[in-house]
Every structure is written in structure tokens, then in C-alpha cells.
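All of these numbers come straight from a predicted model, not from anything done at the bench.
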Amino acid sequence: MVPEKGKVTMVDLGAKKCIPCKMMAPIMGKLEKVYEGKAHIVFIDVWENREQAPRFGIRAIPTQIFFNEKGEEVYRHEGFLEERAIVEQLTKMGVSEPDLETKG
């Protein structure tokens, strides 16, 4: 279930064929691994899952939404979001910063 209650969740809503979304894909894959067990990192393709765009109020892709442990939205960004900015937002939300150098 997205967002996952009891765990900080970051959702990237985009499409596999959109250029900035393709640029996000390796970042999302890496962060999904390094935050395993600490935060829920999810990609949703809104072209394949059309009901998700209106559910999350998406106006542009990619859009990243960060939810706290209660499932409440705390931050939203539209467009490409670099890895460091994602890590900083998760850290602000109380998720310990992983060692990106050794796990990447």
C-alpha cells in the first residue's frame, strides 16, 4: 500500500518513456536498495496505471511525493530530482542517511 503507514515513503510518479523519468530510474533503483528497511521507495508509472495520477493529484511528471510515518504528505517536487536532494529530504524526515558510496 502506498504510502506505507509506519514508514517514511517516497513515491516517484512518472513513466518509463519520459526522458526526465528515465534519468530518475537509476537513482530510484539505488535508493530503493540503500534505504531497504529504513524507508519505502516506490516508482509508479502513471501511463501504465492511469488511475494513480488523479489519486495523487499529478500535474506533471516526474513528481516525487514524500510521506511521513502517518501517511501524510510532507513534501512534493515536480521534475527531475537529484539523488542528494532526495537523501536530504529523507534525512530531514528522520531517516538515517545511508552510506551511498559503499552500497551504490
Side-chain angles (χ1 to χ4, degrees):
M1 186 66 167
V2 176
E4 186 176 318
K5 288 222 164 94
K7 191 177 277 190
V8 169
T9 303
M10 182 255 187
V11 181
D12 180 36
L13 296 117
K16 291 179 187 127
K17 294 181 178 154
C18 120
I19 300 299
C21 305
K22 284 182 182 179
M23 293 166 54
M24 291 283 309
I27 295 169
M28 292 297 294
K30 177 181 180 180
L31 295 179
E32 194 175 338
K33 286 181 193 143
V34 297
Y35 279 105
E36 189 174 352
K38 294 180 178 186
H40 197 51
I41 310 291
V42 182
F43 170 75
I44 298 174
D45 188 317
V46 295
W47 291 352
E48 292 177 3
N49 303 285
R50 295 201 177 271
E51 73 286 353
Q52 298 300 318
R55 175 182 170 215
F56 287 102
I58 301 306
R59 298 176 307 175
I61 59 172
T63 294
Q64 301 80 33
I65 307 173
F66 294 79
F67 297 92
N68 64 18
E69 297 90 346
K70 296 176 187 169
E72 301 163 334
E73 181 177 328
V74 294
Y75 180 73
R76 177 181 290 238
H77 177 270
E78 291 180 350
F80 176 81
L81 188 60
E82 62 183 28
E83 181 179 315
R84 173 89 345 245
I86 295 169
V87 170
E88 286 172 8
Q89 181 60 40
L90 291 169
T91 302
K92 271 189 213 170
M93 296 172 69
V95 180
S96 59
E97 190 171 338
D99 183 354
L100 297 173
E101 301 306 314
T102 57
K103 289 203 174 184

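- Few gaps surround CD on Glu88; more than 12 heavy atoms of other groups in view lie less than 6.0 Å from it.
- Atoms NE2 and CD1, from His77 and Ile65 in turn, are 12.5 Å apart once rounded to the nearest 0.5 Å.
- Atom CG of Asp45 sits about 9.0 Å away from atom CZ of Arg50, to the nearest 0.5 Å.
- Among all heavy-atom pairs drawn from Ser96 and Lys38, the shortest one is OG-NZ, 3.3 Å.
- The minimum heavy-atom distance between Lys5 and Lys70, with the atom names listed, is CE-O, 3.2 Å.
- The shortest heavy-atom contact between Cys21 and Ala15 is CB-O, 3.0 Å.
- Follow the hydrophobic side-chain contacts under 4.5 Å out from Met24 and you reach Ile41 in the same cluster.
- The shortest side-chain heavy-atom distance between Glu69 and Met93 does not fall under the 4.5 Å cut-off.
- Residues Gln52 and Val46 share a closest heavy-atom pair of CB-CG1, 4.4 Å.
- Within the 4.5 Å cutoff, no side-chain heavy atoms of Thr63 are placed close to those of Phe56.
- Looking at Phe43 and Glu32, their side chains never come closer than 4.5 Å, going by heavy atoms from C-beta outward.
- Contact check for Leu90 versus Tyr75: no side-chain heavy atoms found under the 4.5 Å cut-off.
- Taking each heavy atom of Met23 and Ile27 in turn, the nearest pair found is O-CD1, 4.0 Å.
- Between Pro3 and Gly71, the closest heavy-atom pair is CG-O, 3.7 Å.
- Within the 4.5 Å cutoff, the side chain of Leu81 has no heavy atoms near those of the Asp12 side chain.
- The backbone N or O of Glu4 sits less than 3.5 Å from a side-chain atom of Thr9, completing a donor-acceptor pair.
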Evaluate the criterion side-chain contact (heavy atoms from CB on, under 4.5 Å) for residue pair Val8 and Tyr35; output intermediate values, then yes/no.
-> CA-CA 10 Å; Val8 169; Tyr35 279 105; over 6 Å; no

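- Distance check: Arg76 CZ to Phe66 CZ gives 11.5 Å after rounding to the nearest 0.5 Å.
- To the nearest 0.5 Å, atom CD1 of residue Ile44 and atom CD1 of residue Ile61 are 12.5 Å apart.
- The NZ atom of Lys22 lies 4.5 Å from the CD1 atom of Ile19; values are rounded to the nearest 0.5 Å.
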